[in-house]
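Working notes, structure below.
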Amino acid sequence: MTNDNTSNSHFFSDSGLNSDTNPNSDTGLDNVRTQRIVDEALHGMDDGELYLQYAQSESFSFDDGRLKSAAYDTTRGFGLRSVQGEVSGYAHSSELSEEALRRAKETVQSIKSGNNATLAIHPKGTNEKLYSEENPLLGMAFRDKISLLEEIDAYARARDPKVCQVSSSISGEWQTIEIIRPGGHRVRDIRPLVRLNVSVVVKDGARMESGYQGAGGRYEYAQLLTTENWKGQVDEALRQAMVNLDSIAAPAGEMDVVLGPGWPGVLLHEAIGHGLEGDFNRKGTSAFAGLLGQQIAAKGVTIVDNGTLENRRGSLTFDDEGTPTNCTTLIEDGILVGYMQDRMNARLMGVEATGNGRRQSYAHQPMPRMTNTYMLAGKQDPAEILEGVKDGLYAVNFGGGQVDITNGKFVFSCTEAYLVKDGKIGAPVKGATLIGNGADVLTKVSAIGNDLELDSGVGICGKAGQSVPVGVGQPTLRINGLTVGGTDG
């Protein structure tokens with residue numbers, strides 16, 4: 001994605017685009033006057049930007065054999081931010097007009113102290129594109145989407161007579177953003193995002209259990225909704241439900257736990273990832289604050305945050321401040337080597353921004369957030385890792401969890417897990433929870449598999465009331481002496 005000072009934009013009336021191709025051509029914004037307002041608003045500030053956003057989204061949910069909901073939404077607006085020291089001023093509006101921008105200018109200038117400030121250098125540019133600019137909402141007719149949901153429902157029910165309920169949903173978004181800085185520095189991005197979810201409930205006598213599978217990424221419906229893909233999701237959701245139907249009560253106690261590859265990386269995301277974001281470490285509220293250069297994990301543990309993976313849910317060509325995303329190494333061979341940074345926290349800590357400044361929408365300020373966070377593969381065969389467990393748990397899928405950033409303590413519920421006895425996978429268990437401390441659990445990693453997988457594209461990360469799409473991943477891991485909460489007895 002290149003830096004561009006031209007007026008060919010989705011937001012300005014002098015773009016030469018007509019109302020059929022330019023959804024914002026009726027805003028009345030003038031390119032030159034808008035730039036002047038930005039320059040005036042941020043004069044004497046350390047940093048800041050005007051963030052313009054236009055987004056179209058849709059969602060369809062199918063439940064109990066019928067269409068439950070269909071929703072369409074179009075939003076547009078701006079957020080104007082000024083930064084001086086560690087204080088920021090922010091104003092946002094869904095009204096894209098010169099008058100609204102001038103009101104916002106007065107608001108953000110209220111933080112100005114009169115002290116001299118040096119405007120931070122603009123982010124570097126990039127010519128890389130990580131995803132298509134095509135609008136996925138236009139690639140498939142409404143009737144075809146509903147027909148597909150009907151087909152998913154029928155296919156799932158025909159797979160097994162125990163299936164008693166099927167729920168599925170399709171969602172898509174097409175978002176275009178533009179970031180304007182003082183002096184005419186501009187970047188633009190067009191971001192697609194699609195997702196398919198399938199949930200299956202099975203019943204055997206009085207017992208009912210469920211299974212879930214989802215997938216998505218930054219591409220078009222045509223790639224997501226292939227027959228092979230949606231049938232695979234149905235089959236996987238049904239498999240999980242049938243496994244849970246045979247599950248027994250989970251034991252409790254301290255034991256060795258093997259985490260499967262892929263989605264179980266959500267435990268690393270929550271228990272460790274948030275603690276490696278720049279704002280928590282600058283303020284000294286993270287369990288990892290002040291530990292740069294120290295051994296905080298077992299040898300062999302390397303964790304990165306990589307926003308540059310093509311078409312992935314958590315990837316961005318550049319972040320919501322205009323900084324190109326990076327592959328940032330956080331932990332290397334067990335040593336803490338870096339944090340994820342937005343522009344403000346990077347400047348205050350005297351380091352480079354890493355392209356992790358993210359915001360939910362124009363109505364929110366950016367902050368350090370993860371993109372795709374995962375542990376790199378090791379050299380061990382996953383089967384050998386399991387063989388080394390005498391009496392433990394094999395956790396394959398996770399549901400919700402809770403984490404305290406200040407001390408790293410976490411609690412995670414397993415949605416699919418198995419007993420392991422003398423290296424053999426045994427009965428599935430229900431109600432298992434993993435309890436521990438993020439900093440401590442890293443030191444207990446005793447084996448790292450060679451089977452790194454990323455999740456299927458369903459991650460959503462919440463922080464300070466904002467939600468953004470993310471990715472997670474890891475290889476098979478063995479963690480010694482992890483506390484397991486159970487329901488047996």
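Because only heavy atoms are used, hydrogens play no part in the values below, and waters and symmetry mates are left out as well, while side chains stay in.
Looking at Asp320 and Arg191, a side-chain N of the basic residue comes within less than 4.0 Å of a carboxylate O on the acidic one, giving a salt bridge. Arg239 has a carboxylate O that lies under 4.0 Å from a charged side-chain N of Glu416, or vice versa, which qualifies the two as a salt bridge. A salt bridge is absent between Arg347 and Asp47: the closest approach of a Lys/Arg side-chain nitrogen to an acidic carboxylate oxygen does not fall below 4.0 angstrom. Contact check on Arg143 versus Glu150 returns a salt bridge, with a Lys/Arg side-chain nitrogen under 4.0 Å from an Asp/Glu carboxylate oxygen. Salt bridge Arg102/Glu98: present, at least one basic N to carboxylate O contact under 4.0 Å.
In this structure, Thr354 contributes its side chain and Gln341 its backbone to a donor-acceptor pair below 3.5 Å. Of the possible polar contacts, one joining the Ser456 side chain to the Gly214 backbone as a donor-acceptor pair under 3.5 Å is found. Side-chain N or O atoms of Tyr221 include one that pairs as donor or acceptor with a backbone N or O of Gly172 at under 3.5 Å. In terms of modelled atom types and a separation under 3.5 Å, the side chain of Asn356 and the main chain of Pro368 share no donor-acceptor contact. For Thr302 (side chain) and Leu376 (main-chain N/O), no donor-acceptor pair under 3.5 Å exists by modelled atom type. Checked by atom type and distance alone, the side chain of Gln53 never pairs as donor or acceptor with a backbone atom of Ile177 at under 3.5 Å. Using a distance-only test at 3.5 Å, with no hydrogens or angles considered, no donor-acceptor pair links the side chain of Tyr155 to the main chain of Asp235. A donor-acceptor pair is defined here as one N or O able to donate and one able to accept, closer than 3.5 Å; no such pair exists between the side chain of Gln223 and the backbone of Arg218. With hydrogens and angles disregarded, no donor-acceptor distance shorter than 3.5 Å links the side chain of Ser286 to the backbone of Asn281.
With rounding to the nearest 0.5 angstrom, the CG atom of Leu292 is 7.0 Å from the CE atom of Met349. One distance of note links CZ of Arg313 with OH of Tyr219; it measures 9.5 Å at 0.5 Å rounding. Interatomic distance, Thr371 OG1 to Asp305 CG, rounded to the nearest 0.5 Å: 3.5 Å.
Asn326 and Thr328 share no side-chain donor-acceptor pair at under 3.5 Å. Judged by distance alone, the side chains of Glu40 and His43 never bring a donor and an acceptor atom under 3.5 Å apart. Donor-acceptor pairing under 3.5 Å is lacking for the side chains of Asp189 and Gln175. Side-chain polar atoms of Gln35 and Asn31 form no donor-acceptor pair below 3.5 angstrom. For Glu228 and Thr226, the side-chain atoms include no donor-acceptor pair closer than 3.5 Å.
The side-chain heavy atoms of Asp64 and Gln165, taken from C-beta on, include a pair separated by under 4.5 Å. At least one side-chain heavy atom of Met375 sits less than 4.5 Å from a side-chain heavy atom of Pro475. Val441 has its side chain out of reach of Leu434: every pair of non-hydrogen atoms, C-beta onward, lies at least 4.5 Å apart. The shortest distance between side-chain heavy atoms of Tyr131 and Thr317 falls below 4.5 Å. Residues Ser82 and Lys105 are not in side-chain contact: their nearest non-hydrogen atoms beyond the backbone lie 4.5 Å or more apart. The shortest side-chain heavy-atom distance between Pro469 and Arg358 falls under the 4.5 Å cut-off. For the pair Gln474 and Ile303, the minimum side-chain heavy-atom distance is 4.5 Å or more. Taking 4.5 Å as the limit, some side-chain heavy atom of His274 sits within range of a side-chain heavy atom of His269.
The six-membered or imidazole ring of Phe288 lies away from that of Tyr339, with a centre-to-centre distance of 6.0 Å or more.
For the side-chain hydrogen bond (donor to acceptor under 3.5 Å, both in side chains) with Ser315, the lone residue among Asn306, Asn372, Thr308 that qualifies is Asn372. The salt bridge (Lys or Arg N to Asp or Glu O under 4.0 Å) with Asp279 is formed by just one residue from the set Lys463, Arg343, Arg369; it is Lys463.
Summarising the local packing, CD of Gln294 is surrounded by more than 12 heavy atoms from other residues, nucleotides or ligands at distances under 6.0 Å.
For the pair Trp174 and Leu137, the tightest heavy-atom approach, listed with the atom from each and the gap, is N-CD1, 4.1 Å.
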Evaluation steps, side chain to side chain donor-acceptor pair (under 3.5 Å), between Ser169 and Asn197: CA-CA 5 Å; Ser169 65; Asn197 301 319; 3.2 Å; yes

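Ring-plane geometry between Phe60 and Tyr72 is classed as perpendicular, the angle between the planes exceeding 60 degrees on a 0 to 90 degree scale with a lower cut at 30.
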